[in-house]
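Structure, as structure tokens:
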Amino acid sequence: AQKVTQAQTEISVVEKEDVTLDCVYETRDTTYYLFWYKQPPSGELVFLIRRNSFDEQNEISGRYSWNFQKSTSSFNFTITASQVVDSAVYFCALSEARRGTYKYIFGTGTRLKVLA
Amino acid sequence: SAVISQKPSRDICQRGTSLTIQCQVDSQVTMMFWYRQQPGQSLTLIATANQGSEATYESGFVIDKFPISRPNLTFSTLTVSNMSPEDSSIYLCSVGGENIQYFGAGTRLSVL
């Protein structure tokens with residue numbers, strides 16, 4: 001069955017430290033998408049990044065970077081020089097095609113606290 | 001991208017009552033999704049709502065408890081019926097497909 005595991009429940013770092021959020025997934029599909037979403041205290045889910053299963057190229061966007069490795073079924077997210085505004089819950093998700101529609105499987109989330 | 005508006009943003013309700021949550025999208029979309037996020041938990045899909053057909057419910061969710069309407073391509077409602085304190089959650093509406101989903105800000109529901 002499809003599954004997304006975020007083993008880190010909560011991480012605390014001091015501002016300007018680098019932090020990596022882990023995500024491991026399971027799927028039988030050969031074509032799939034992986035995502036990271038940010039959920040600040042306001043509650044809205046903010047889309048950060050998407051990767052399809054055929055694109056293992058890592059990506060950097062400002063202080064954010066993502067490492068996708070199919071060999072280990074991992075899609076990790078690194079924040080460089082963390083800031084207090086990065087404090088939020090981060091969700092990793094996998095989309096699966098199913099009977100003409102799509103279902104997103106979310107991990108349990110990692111709460112990141114960045115301390116000033 | 002899509003802009004999604006949810007109403008109400010939060011509510012406090014009494015046990016045994018019902019609440020209808022509205023979701024409005026700024027563009028026409030085929031599929032709309034309703035999720036529940038219990039306190040401190042991840043998101044769980046309640047149902048998928050396509051215009052012109054009955055919603056498809058996930059295991060553990062039933063139409064009598066969570067009736068959904070989808071009258072057109074930009075609007076949907078989710079009703080939480082006969083509420084109990086266990087229904088206290090954030091309910092989120094989303095739109096999209098395989099390669100992206102956009103979410104509303106959610107409705108924070110507390111049931112006393």
Side-chain angles (χ1 to χ4, degrees), chain A residues 1-10 21 23-25 27 29-55 68 75 88-113, chain B residues 1-11 21 23 29-61 70 88-110:
Chain A
Q2 272 77 348
K3 184 178 179 182
V4 176
T5 300
Q6 294 180 255
Q8 304 152 308
T9 303
E10 183 170 315
L21 309 182
C23 174
V24 175
Y25 64 93
T27 180
D29 293 350
T30 56
T31 303
Y32 51 88
Y33 284 85
L34 294 164
F35 308 84
W36 277 97
Y37 284 88
K38 175 182 179 180
Q39 187 177 43
S42 60
E44 183 174 357
L45 264 79
V46 178
F47 166 75
L48 295 177
I49 186 74
R50 165 187 61 224
R51 264 290 174 268
N52 73 48
S53 51
F54 297 106
D55 182 5
F68 175 30
F75 186 42
V89 180
Y90 291 85
F91 290 97
C92 181
L94 165 74
S95 74
E96 59 166 334
R98 187 189 57 175
R99 298 194 298 272
T101 184
Y102 301 98
K103 180 178 179 180
Y104 280 49
I105 310 298
F106 284 83
T108 51
T110 297
R111 180 177 299 277
L112 174 65
K113 293 184 177 180
Chain B
S1 66
V3 177
I4 303 169
S5 302
Q6 266 187 251
K7 291 181 181 179
S9 59
R10 59 178 65 234
D11 207 341
I21 301 168
C23 179
V29 294
T30 302
M31 292 187 283
M32 297 180 77
F33 306 86
W34 288 99
Y35 288 83
R36 182 177 73 182
Q37 186 179 19
Q38 294 178 301
Q41 303 297 313
S42 186
L43 283 76
T44 300
L45 182 64
I46 297 172
T48 302
N50 291 340
Q51 194 269 338
S53 62
E54 288 200 4
T56 301
Y57 289 82
E58 297 297 308
S59 176
F61 298 96
R70 183 76 201 276
S88 298
S89 298
I90 299 175
Y91 293 85
L92 297 112
C93 169
S94 77
V95 302
E98 177 186 20
N99 61 3
I100 188 70
Q101 276 202 357
Y102 298 101
F103 289 82
T107 296
R108 294 178 184 268
L109 172 62
S110 296

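As the structure is a computational prediction, the values presented were derived from the model and not from experiment. Both backbone and side-chain heavy atoms feed into the values below; hydrogens, waters and symmetry mates do not. Reminder, nothing fancy here: chain letters follow the sequence lines and each chain counts from 1.
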Open item on the list: I'd like to check A/F106 versus B/Q37 (side-chain heavy atoms, cut-off strictly below 4.5 Å). Are they in contact?
Closed with: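 No, their side chains stay 4.5 Å or more apart.
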TODO: Check whether any side-chain heavy atom of A/Y104 sits under 4.5 Å from a side-chain heavy atom of B/F33, and report yes or no.
DONE: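 No. Closest side-chain heavy atoms not under 4.5 Å.
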Under 4.5 Å from a heavy atom of chain A, the part of [X] involved:
X     : value
B/L45 : side chain
B/Q41 : backbone
B/I4  : neither

Open item on the list: Counting neighbours of CZ on A/R111 that are heavy atoms of other residues, nucleotides or ligands and sit closer than 6.0 Å, is the number greater than 12?
Closed with: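 Atom CZ in A/R111 is not packed in, count stays at 12 or less.
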Open item on the list: Please determine whether the number of non-hydrogen atoms from other residues, nucleotides or ligands lying under 6.0 Å from atom CD of B/E58 exceeds 12.
Closed with: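 Yes, because the 6.0 Å sphere around CD of B/E58 holds more than 12 heavy atoms from other groups.
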Task: Straight-line distance of B/S42 OG to A/Q39 CD, nearest 0.5 Å - done: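 One gets 9.0 Å once the value is rounded to the nearest 0.5 Å.
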Task: Top contributor to chain A interface from B/L92, B/I100, B/T44 [non-hydrogen pairs under 4.5 Å] - done: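 Most heavy-atom pairs within the cutoff with chain A belong to B/I100.
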